[in-house]
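Notes for the one structure printed next.
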Amino acid sequence: MFKKILIANRGEIALRVIRACKELGLPTVAVYSTVDRESLHVFFADESVCIGPPTASESYLKPQRLIAAAEVTGADAIHPGYGFLAENSDFAEMCSMHGITFIGPRPETMILMGDKANAKKTMKAVGVPVLPGSEGVVAEVEEARRLAEAIGYPVIIKASAGGGGRGMRIVRSVDALESNFEMARAEAESSFGNGDLYIEKYLENPRHIEVQLLGLPGDQVFAFGERDCSIQRRHQKLIEESPSPVVSPALRKRLMEAAVEGARSVGYQSAGTIEFLLDSSSGDFYFMEMNTRIQVEHPVTELVTGHDLVKYQILAAAGQDLGLKNGDIRLKGHAIECRINAEDPEKNFLPAPGKITELHFPGGPGIRVDSHAFAGYSIPPNYDSLIAKLLSYGSDRSEALARMRRALDEMVVEGVETTIPMHKKILAHPEFIAGRATTGFLTQYMK
Amino acid sequence: MFKKILIANRGEIALRVIRACKELGLPTVAVYSTVDRESLHVFFADESVCIGPPTASESYLKPQRLIAAAEVTGADAIHPGYGFLAENSDFAEMCSMHGITFIGPRPETMILMGDKANAKKTMKAVGVPVLPGSEGVVAEVEEARRLAEAIGYPVIIKASAGGGGRGMRIVRSVDALESNFEMARAEAESSFGNGDLYIEKYLENPRHIEVQLLGLPGDQVFAFGERDCSIQRRHQKLIEESPSPVVSPALRKRLMEAAVEGARSVGYQSAGTIEFLLDSSSGDFYFMEMNTRIQVEHPVTELVTGHDLVKYQILAAAGQDLGLKNGDIRLKGHAIECRINAEDPEKNFLPAPGKITELHFPGGPGIRVDSHAFAGYSIPPNYDSLIAKLLSYGSDRSEALARMRRALDEMVVEGVETTIPMHKKILAHPEFIAGRATTGFLTQYMK
Amino acid sequence: MLDYNEIKKLVRLLENSQINEIEINDRGRKIRLTKSAPGNGQQMGMMLPAGFYHGSAPAAPAPSAPEAAAAAAPAAGRNTRQVKSPMVGTFYTSPSPDADPYVQVGDMVHKGQVLCIVEAMKLMNEIESEFAGRIVEVLVENAQPVEFDQPLFTLEVTG
Amino acid sequence: MLDYNEIKKLVRLLENSQINEIEINDRGRKIRLTKSAPGNGQQMGMMLPAGFYHGSAPAAPAPSAPEAAAAAAPAAGRNTRQVKSPMVGTFYTSPSPDADPYVQVGDMVHKGQVLCIVEAMKLMNEIESEFAGRIVEVLVENAQPVEFDQPLFTLEVTG
């Protein structure tokens, strides 16, 4: 077992890892930038080291400083949390060069899955469904027509150099293909000076479904059910739940099998997630990407499976046998997470750093709060705006939602604007309650 | 279903019931004495009514005022919580006379089980083991000798009029019987002016084991496993856990069967608990008493069974079918509760009312907090000193204990002295960790 | 920061002053206290942006704490006192629906005179005045629920 | 009441004063701040009965936040400045175990002169003085770990 673990992160995830270490009896080292001196992760760790100024690139993103901090404190393992260096394969390699265990997948896996095109190719090769589309640039309308016919409408035409919706056209039938193709090319030319286009299957309001995985030595990969993260604002997840209201047992089986096969094919180690887009009308799903780290929303899965994923990460990295068998992983009940961010929904979700003057967490049955905030805490403007993850668990979805509603009513955060009012609106919305919300929900209903 | 529920209580249990009602979509009425005006149960209820001055006998213990409060607000059911009027059969009857549902057992059951001698007799009649002893007063040494022989040593001689340890003698062998009998009689005479004595089996450091029950219409009684409440200070429970570290599956089966039989024999309705003393060396257990209400420590059972007992109480009282089957109740994992009281262990656990100036609740995986306290809350001196129930849940006892330890470290209460330091000591004690602590633990080890 | 006790202090301060309004702006927190013009029956109002003492407590249909506290303030003028409800129940100004009210604003009453009825559990409880004086204000409407300690009448004490 | 910022203010107050100790007893809350006698190398300590800023944080074996903050205070006298560590690592007073220290208390140093080494990831980083002056105090012992921004030397600035 490790002698001491350094947590190369801040905020709630640093605290989450410290909690796991404390429960395992492992000493911890917190690192912090000068602006995080008064943070809970610093107070709750056994030791702490200041690693740099507030700018992340000079502190939490600086591999050398983290390795040095581990060396001066005698830490023999580093948990990267999420964000910052969690998916940086150079950092993982540097750890291993210095005899420090990086608690995460092997650097090769991180490199492979970090390249989106390579990841898609790898998954496709082992039969994991990927979004059908052109292999590269589509030069002619005729080729586009053939491809679209093969893929099936609707399709989306995208500019290779694109972004921000420009040079992008959704085409719903063959009649509209030619004109849209030409318009997209013109738009791409004028916007990016590059008219290259490619074509992909277009999903109308898909669900974002992801599978929690854990890879262990001996090519063992375990799937811990799915999470439905369809409630997003500009690709930022806001609400996550498990199980998904639209995933049937049969579909779940297919999702788990695909995810396990995909992870096994790359010899995946540690905790990770494969994200899929699900067309809930047809039940077809498509590989989107793999996250080679623990995720913000992992507690949702912990609540419905009863397994402690962060402890498993640590124990597996230390070479301990978890004694897990596939039958051990069962989903029971329903869990939901609301991300409480310090941002102002009235002002287009602008992050709202500042001092939390009063704070009261909800409690009672079925409530879990993961937060580094406290009354008197100043949220620095340098990092993300997540101040608490509020989770509820119930015997079914309706109980979990009812609990979340009353917990949102109980929670008090003063001094900064938060996403609490928006969560209350979402949880009261008939479409969400019916389990029909897709990734388009916020734009469709929460104008 | 009820139109509106009045909660005839205060503090954390009032909040607990309000939470259950909110999750069921039921409107609530809080009642409060003038000193509780700023309490959370008042803020979280839909309506609130001031019912009297701080003195409990003029407010929370005054049946007329509670009925009047229900009438002016149109509440058609009253949840009594625990303490105050929860086991007052007159109040239950008064409710029914006014067309208000009392959420609890029938008044007849409350009367029967409220009389300790009758309760014992009733249980004995249906074969529930009771502590062997004299049926009434033992007049002569010779009779005492015969009884002690039949019961088996050690026995305890007690003054019928006794209390506070006076006129009480533990006798471990026949040689010591006569002298102790005479001394006890003399002590009883001089202390109470009444020399009447009785004899009972004496258990050396028993475990306090209780079974959570739920009685439903049609003589259905469900047992929700046991709780071990052996950590007590002067019969005040401080720590409760489930399952008990000394109860084997075979013993559990016997305990559940006895408890279910006992409750069924009196036609028990609603949530209740049968308390046993367990001689953990022999595995023999003896009926102590039945609590005809929800108990402080009910969340321990909720955590290991996944059932919401307060919701069940309400739904059952409303005549709803819970659809419970015996196979539905399984214990999974381990839960423990520490009662955080505002009292000073350094000053012999004197209640320490005052203003909580700072408060921070622990969080993260496996932690539940049931509390009506908040930063700025003034604990009135008029009621009990419980300010929070801190609960941890783990996949096994060792994980639950580790979680509790780190949660106790995370918890901050400033402004008043609490039992937190004492809980930390208990959770670090080898006897407790080994699961060997009996009701004598605190006196033996925590001097 | 601005906890209930501090707000209470402000309420007291305002009560015992000759001014009518206090408004404070303190780092994003705002509180405004307004005193009604003497004798016009309006009550003091409190405004807090969020938190326990307002934001998280839904408005109580039954008489709520802040209202009661506010009503407890003298309606202005010297030498006024309040008669409060000794119990929870329903307030009636007259012995029966057809009867005249026991008292009206402007009436002189003597100590021990019946002012109203509070009905609790089908029992009619006559509420007597604790002192002699003139009725300045009737604070509760007929047939409304009242809680313990809720002010019912303001009297200008004579003698 | 006594929140972190207020404590911080007290720390600054004490730092910028000629006195050595502040002790406050405020309704059950106690805080004591002690400043070391000028130049004797002791550090300021803080005592709080409970709470985040002491009670719940176990004493950190590595240089902890309060210590660093305390060391950041001028050791007294005017015109002193500190040289701080630009990185996390191990502090060495000399280039090798057998060699003499780069500088000692009393030495005059010029701007750019090497004062010590901070080793990080097997790399020896020479730390140069940012200004000319006389070494008043060496704040870290040889071969001890240092964190970012931790004061290493106090210099009396000349000229």
Side-chain angles (χ1 to χ4, degrees), chain A residues 12 15-25 40 43-44 298-299 302-303 306-311 328 332-333 357-377 388-395 398-407 409-410 412, chain B residues 12 15-25 40 43-44 298-299 302-303 306-311 328 332-333 357-377 388-395 398-407 409-410 412:
Chain A
E12 72 83 21
L15 202 54
R16 172 70 187 90
V17 178
I18 291 169
R19 282 171 170 154
C21 292
K22 282 190 143 192
E23 292 175 16
L24 292 169
L40 274 200
F43 296 118
F44 287 161
H298 75 275
E302 293 186 328
L303 285 172
H307 293 281
D308 187 320
L309 297 169
V310 177
K311 276 188 194 165
D328 295 346
K332 193 191 163 200
T357 52
E358 276 181 40
L359 182 67
H360 186 81
F361 289 143
I367 298 301
R368 170 174 168 181
V369 182
D370 275 43
S371 172
H372 60 298
F374 54 89
Y377 175 63
K389 301 190 303 200
L390 177 55
L391 293 116
S392 76
Y393 175 79
S395 56
S398 126
E399 186 174 55
L401 296 190
R403 285 213 163 122
M404 182 57 86
R405 276 183 213 110
R406 69 115 180 122
D409 281 346
E410 288 178 20
V412 176
Chain B
E12 71 84 20
L15 202 53
R16 171 71 187 90
V17 178
I18 290 170
R19 283 172 169 154
C21 291
K22 282 190 144 194
E23 293 174 15
L24 291 170
L40 275 199
F43 295 118
F44 287 161
H298 75 275
E302 294 185 328
L303 285 172
H307 293 280
D308 187 321
L309 296 169
V310 177
K311 276 187 193 164
D328 295 344
K332 191 188 164 202
T357 53
E358 278 181 39
L359 182 67
H360 186 81
F361 290 143
I367 298 300
R368 170 174 168 180
V369 182
D370 275 43
S371 172
H372 60 298
F374 55 88
Y377 175 64
K389 301 191 301 200
L390 177 55
L391 292 116
S392 75
Y393 174 79
S395 56
S398 127
E399 186 174 57
L401 296 190
R403 288 216 161 120
M404 183 55 86
R405 274 183 214 108
R406 68 112 182 127
D409 281 346
E410 287 177 20
V412 175

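Side chains are part of it too, since the values below use all heavy atoms of this structure and drop only hydrogens, waters and symmetry mates. Proteins get letters first, then strands, A, B, ... in listed order; numbering begins at 1 in each.
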Practice problem: Identify which part of A400(B) has an atom lying under 4.5 Å from any heavy atom of chain A, answering side chain, backbone, both or neither. | Solution: neither
Practice problem: Pick whichever of E302(B), E12(B), R405(B), K311(B) has the most heavy-atom pairs under 4.5 Å with chain A. | Solution: K311(B)
Quiz prompt | Partner chain A: residue of I18(B), D308(B), I367(B) with the largest heavy-atom pair count (under 4.5 Å) | solution = D308(B)
Exercise. Measure R16(B) against the heavy atoms of chain A and call it side chain, backbone, both or neither at under 4.5 Å.
Key: side chain
Exercise. Calculate, to the nearest 0.5 Å, the distance between atoms CD and CG belonging to E23(B) and L401(A) respectively.
Key: 11.0 Å
Quiz item: How far does CG of D409(A) sit from CZ of F43(B), to the nearest 0.5 angstrom?
Solution: 15.0 Å
Quiz item: What option among G364(B), P362(B), G306(B) has the most heavy-atom pairs under 4.5 Å with chain A?
Solution: G364(B)
Quiz item: Of the backbone (N, CA, C, O) and the side chain (C-beta and beyond), which part of P299(B) lies under 4.5 Å from a heavy atom of chain A, both, or neither?
Solution: neither
Quiz item: Is chain A contacted by the side chain of K332(B), its backbone, both, or neither, given a heavy-atom distance below 4.5 Å?
Solution: side chain
Quiz item: With sequence neighbours left out, what residues match R19(B) under side chain to side chain donor-acceptor pair (under 3.5 Å)?
Solution: E410(A)
Exercise. Just jot down the side chain to side chain donor-acceptor pair (under 3.5 Å) partners of S398(A), sequence neighbours excluded, or say none.
Key: none
